[in-house]
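The model shown is predicted, which means the values in this text are computed figures rather than measured ones. Remember, it's 1-based here, ligands and their atoms both numbered in the order they're listed.
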Amino acid sequence: MELTTAKTSVNNTGKEKDKVHVFAPATAANLVCGYDILGLALDEPGDEVVMVRAGEPGVRLVKITGDDGRLPLDPTKNTVSACVQLLLTHIGREDVGVEISLHKQMPIGSGLGSSAASTVAGLYAINQLLGSPLSKQELLPFALKGEELACGHGHADNVAPSLFGGITLIKSYEPLEVINLPVPKDLYCSVVFPHVDVPTRAARQMIRSKVELKEAVVQWGNIAGLISGLFMNDYGLIGRSMKDVLIEPTRAILIPEFYEMREVALAAGALGFGISGSGPSVFAFSTSKATAATITAQLSEHLKFKNIDSNGYTSAVNMQGPKEF
Ligand code: HSE
């Protein structure tokens, strides 16, 4: 998507600040059946950005923690600083100078929207620092540029929920149209990240580019069913719709114990189970926090029994998106 198509009306409504500290949430994209079009925000984990105004113009990345040295400090290569610079250029504020510290609090290459959370935190931070000249809607195209830089494709199903909170539907990419879907009140998420690295770029390249019509019919039935379930508060329908006949059979190969974990999750009360984003994290919905916690614990236990380390998270759907401390 071209930034020139973004409707960026600059409203200097708020007071400019010298320092901001922002959290942006991790996300579970696809929601099993909705490749590249559905995603939700989690309460945890998430990334933090501290942004301090500097005397000299320009965007500098002064510190990254929690990345085991894996992310570039070069401000033109790091998605956070590159997107902040893009935004400043686009709104004609190249006079502004900032120093950014990025604190990664989630695994990279995990299928939890790691790059999206960092980028959204950076964009939200610069917007807050400048007194909120742009709306969240107007920040979205910049976040998409970050995804393009991070994995070679500007998919919006991580950045949109991280930015808007809740469950989002990318109704279309050209033009970009994002819809916030209703979130039934008892919906809880279990997410487990088995410690194997699956870069999104590679996980996208392995998917076949053509699908059979009869499989497509199954897939769009499930997408429609899932969305209907969200509108109707029908948890059974939500669960029955969390099935992916197009992408999962290919990507599951990269995830240790994937089908065994599905059995564990469903036996522990999950409504449905599948891959979070491009994996290797897995994701389940359930209807109570206690059940979600049990599912998370049992999945981690199962992996531990197979000598695979993991991180587990139990979360409601995060309705807020980024927040300033
Ligand atoms: N929709 C993207 C994919 C999400 O499945 O590749 C990446 O987290």
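Side-chain N/O atoms of His302 and Glu260 include no donor and acceptor closer than 3.5 Å. Inspection of the Asn180 and Thr168 side chains reveals no N or O donor paired with an N or O acceptor under 3.5 Å.
Side-chain N or O atoms of Ser288 include one that pairs as donor or acceptor with a backbone N or O of Thr291 at under 3.5 Å.
For a threshold of 3.5 Å applied to N or O pairs, the pair formed by Asp157 and ligand 1 contains at least one separation below that value. At least one N/O-N/O distance between Asp36 and ligand 1 falls below 3.5 Å.
Looking at heavy atoms from C-beta onward, Thr79 lies out of side-chain contact with Leu71 at the 4.5 angstrom threshold.
Salt bridge annotation for Arg208-Glu215: present, with a cationic side-chain nitrogen under 4.0 angstrom from a carboxylate oxygen. Under 4.0 Å is where a charged nitrogen must lie from a carboxylate oxygen, and between Asp47 and Lys104 at least one such pair does. By the 4.0 Å N-to-carboxylate-O rule, Lys323 lies too far from Glu48 to be salt-bridged with it.
Looking at Ile247 against ligand 1, nothing comes within 4.0 Å, counting heavy atoms. Neither the backbone nor the side chain of Gln205 has a heavy atom within less than 4.0 Å of ligand 1.
Between Phe23 and Phe325, the angle of the ring planes goes over 60°, which puts this pair in the perpendicular group of the 30/60° scheme.
Summary of contacts: the protein heavy atom closest to atom 8 (O) of ligand 1 is Asn158 OD1, 2.9 Å. Among all non-hydrogen protein atoms, the one lying nearest atom 5 (O) of ligand 1 is Arg251 NH1, 2.7 Å.
Near Gly277, meaning under 4.0 Å from any of its heavy atoms, are these atoms of ligand 1: 5 (O), 8 (O). Against a heavy-atom cut-off of under 4.0 Å, Ala29 is close to the following atoms of ligand 1: 4 (C). The Tyr35 neighbourhood of ligand 1 comprises atoms 3 (C), 5 (O), 6 (O), with distances under 4.0 Å to a heavy atom of that residue. Residue Arg204 has at least one heavy-atom neighbour below 4.0 Å for each of these atoms of ligand 1: 1 (N), 2 (C), 3 (C), 6 (O).
The closest approach between any non-hydrogen atom of His153 and ligand 1 is not below 4.0 Å.
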